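Everything below concerns the one structure shown next.
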Amino acid sequence: MNKHVNNVAPEATDLSRRSFLVGTAATGLVLGYAGVPGIGEALAAPSNFEPSVWYAIAPDGLVTVTCGKADMGQHIASTMAQIVAEELGAKWSDMRVNLASNDPKFNDPVLGAQITGGSWSTMMNFEAMSRAGAAGRMALTEGAAAAMGVPASELVVRDSMISHPKSKKTMSFADVVKSGKATKTFTPDELKAIKLKTPDQYTMIGVSVPQLDIPSKTNGTAKYGIDVMLPGMAYGAVVTPPVRFGATVKSVDDSAAKKVPGFIKAVTLDDKTQTTSGWVVAVANTYANAKKAAQALKIAYDGGPNAKVSSQSLLDEAKRLQKLEDSGQFFVKDGDPAAAFGTAAKVLEAEYTTSINIHAPMEPMNATAEFKGDILHIYSGNQFATRSGAIAAGAAGIDPKFVVMHQMWLGGGFGRRLDADMMIPAVQAAKAIGKPVKVIYTRENDMTMDFSRPLTYQKVKAGVDGDGKLVALSHDVVSAWPTQRWGIPDFLTPSVDKKGPLDSFTVNGADFFYTVPNHHVRAIKNEMAHNATPSGQLRSVAPGWTFWAVESMIDEIAVAAGKDPAQFRISLLDGAGKNDGGAQRLRNTLLAAMGLAGYGSRKLPKGEGMGVACVSSQERATASWTACVAHVAVAPSGEVTVKKLTVATDVGTQVHPDNIRAQVEGAALWGLSLALYEKATLKDGGIEQTNFDSYTPLRMSQVPEVAIAVIANGEKATGVGEPAVTVIAPAIGNAIFNASGARVRALPITAEAVKGAMKA
């Protein structure tokens, strides 16, 4: 995800799908507070000093940083506070964090839409938050200088204290704020002109300080969406159709539900935003009673156009589309692969697939909606406030400026909470009964109605010359287009063949940093999958499947050329042309992972092997350079045991070392889970897996040893939450080949597939 949304208010109210999902969101919808008297003014006490919209210093010296990103356990709020504290000169024990609302003041012209994804948060906020901190330090210094009667240039700021060494005078931040002397403001140009610290001057960045959100999360005071309680609140339980999307409700018989104590009403959703289809919400005085009422409802459905679609039909359609020469649009079009294949010494072709995958965060989807006069208040944890406010407004049939979103802590997100479907039943139920309603999904709702990672099919063809040099590669990627589903043109990418915009978040990663003179990448939309399984962004987005194909094929090419796969990669990472700079950093991470793992330094027992992969996730323009060496054992039965994962990552500037290591380890284990264990299937238009007994992520007993090398070189900070996800599956697949001779090309990798490939 490499684009920002501009911030322009909509000119008029239009309750059509295009208005809410295309027009308003694409133009940076002003959400919640515009034209609503008194709301914005009540958020901050006037006695506070606010050097920036992103933080305030109270008269007691406490610094509260407002985080405009969703915090789903990755501690991004603490990271933002740490960046501010570095330049501000604040003592860490004085720092506090708060989550941003959808007040238009948080629609930053530099930082863009309020969206959390793509491992962008630290990368895209580091400089802006640093400048905000520096501006506060300068304003406090000028205020202290005026109060002390000394030159500001002679003052030293450290640990929330401002001192004048010559006179030994000191003032705390609290003293300066209470004095009212801190009044300096900065224009955007003045902010840009501030000289920031260099890495050798850091005292806070690079230190594993205590995370500010942990105390409240461990003592129970942190409020998640599911914790919201409002006076007079009712509860909603949703009934979803057997078809993932496209079904409609023909009739609802609530006679049995009326016998449930506390039952209030069954509301059939009329969702103009087309986020949901065929849903009914049962409303009652308690959640338990709402669930009982939901189970008692007798609903007749029209299954709609997708009622017979299956995983196999999605795959068959993908293969059909790939064979059409005029389908899709080009994402990369360098040279002439077809001509190069004609003169190549060897040509290899392979098909790679990934299954439907489900987010399944621990906190099920939930939202609470309350109408106060003309104002709709939404309480929920979400990753895309800019779009979610538009969805809520569309569900309510009101102008988006009358939606106030209360951001809560997220009990897991991983991309799932980029979508706002949970708000729709809450909004429409609250409107129908005239009181606040909290809707909580069951795990079954969450599984079967997930905006999942799409099923993908990829065809890769490669050619090598007589010296074993890779001279051509063509790569077709067929999938649903999750980002296009959002209806926000700014998030799409112009195709290089001028055929129109494409969803680059289905092909990012295929534009790798290897030097290949003839390289084509084609993005092909599977309309059937797009409609039957409306897909979302799951942790790692496209690189989770594109690098599965790329890094598996690179290994296959190396073997065909008679070369060591790691050394073959190193030869391709020569930094020629557009790959300058990036290739070298990726090469370094590969070498670091190889060294830490002892790749090639010892003979492994029979049935064991090491495999490598290296990636530039998330997107080429926002890459985090990551490499993995996987060590596996393969039994004659085909069962794979991952013994160790060694991951190296180049993060540029590391803000919080312990958190980086935790994020990389978590991402690696997520990648392992996707590689070997997770699979959802579609049958008769519906997801078959409904809970963790049939959808089986990695268990604690399956966790291998994980070794991590973090390269911090003072370059611009990169993201760490997702990149390691993308490198694991291909490293494991390549290790399986080295251990057993079995080449696997479908995720998840099963013992049956490995055994079959061993025989082949």
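Here, residue 1 is the first one in the sequence, and each next residue gets the next number. Predicted, not measured: the structure shown is a model, and the values here were computed from it. We use all heavy atoms of the structure for the numbers below, so side chains are in, but hydrogens, waters and symmetry mates are not.
Nearest heavy-atom pair, Gly463 versus Phe341, reported as atom, atom and distance to 0.1 Å: N-CE2, 3.5 Å. Closest heavy-atom contact between Ile687 and Ala680: CG2-CB, 4.4 Å. Residues Glu608 and Ala633 share a closest heavy-atom pair of CG-CB, 3.8 Å. Of all heavy-atom pairs spanning Phe505 and Thr483, the tightest one is CD1-OG1, 3.1 Å.
Within the 3.5 Å criterion, the main-chain N or O of Ala560 finds a donor-acceptor partner in the side chain of Lys346. Within the 3.5 Å criterion, the main-chain N or O of Asp511 finds a donor-acceptor partner in the side chain of Arg620. No side-chain donor-acceptor contact under 3.5 Å links His631 to the backbone of Tyr599. Checking side-chain atoms of Ser673 against main-chain N and O of Leu669 turns up no donor-acceptor pair under 3.5 Å.
With respect to Arg453 and Glu678, no salt bridge is recorded, no charged nitrogen being found less than 4.0 Å from a carboxylate O. With respect to the salt-bridge test (charged N to carboxylate O, under 4.0 angstrom), the residues Lys755 and Glu639 do not qualify.
Centroid-to-centroid, the aromatic rings of Trp279 and Tyr441 come within less than 6.0 Å. The ring of His519 has its center closer than 6.0 angstrom to the ring center of Phe512.
Under the 30°/60° scheme for interplanar angles, the aromatic rings of His520 and Phe330 are found to stand perpendicular.
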* ring pair (Phe, Tyr, Trp, His ring centres under 6.0 Å) between Trp545 and Tyr352: does it pass, once the steps are laid out? -> CA-CA 9 Å; Trp545 58 82; Tyr352 300 92; over 10 Å; no
* To do: Any chance you could lay out the salt bridge (charged side-chain N to carboxylate O under 4.0 Å, His left out) test for Glu349 and Lys459, step after step, and finish with the verdict?
  => CA-CA 7 Å; Glu349 292 188 68; Lys459 182 72 174 289; 3.4 Å; yes
Side chains of residues 315-322: which donor-acceptor pairs under 3.5 Å do they make with residues two or more places apart or in other chains?
from, atom 1, to, atom 2, distance (Å)
Asp316, OD1, Gln312, NE2, 2.8
Glu317, OE1, Arg320, NE, 2.9
Glu317, OE2, Arg320, NH2, 2.9
Gln322, NE2, Asp476, OD2, 2.8

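Taking the salt bridge (Lys or Arg N to Asp or Glu O under 4.0 Å) definition, one finds that Lys578 meets it with Asp334, sequence neighbours left out.
With Phe414 as the aromatic partner, Arg539 does not meet the cation-pi criteria of under 6.0 angstrom to the ring centre and within 45 degrees of the ring axis.
The salt bridge (charged side-chain N to carboxylate O under 4.0 Å, His left out) test with Asp421 is passed by exactly one of Arg416, Arg485, Arg387: Arg416.
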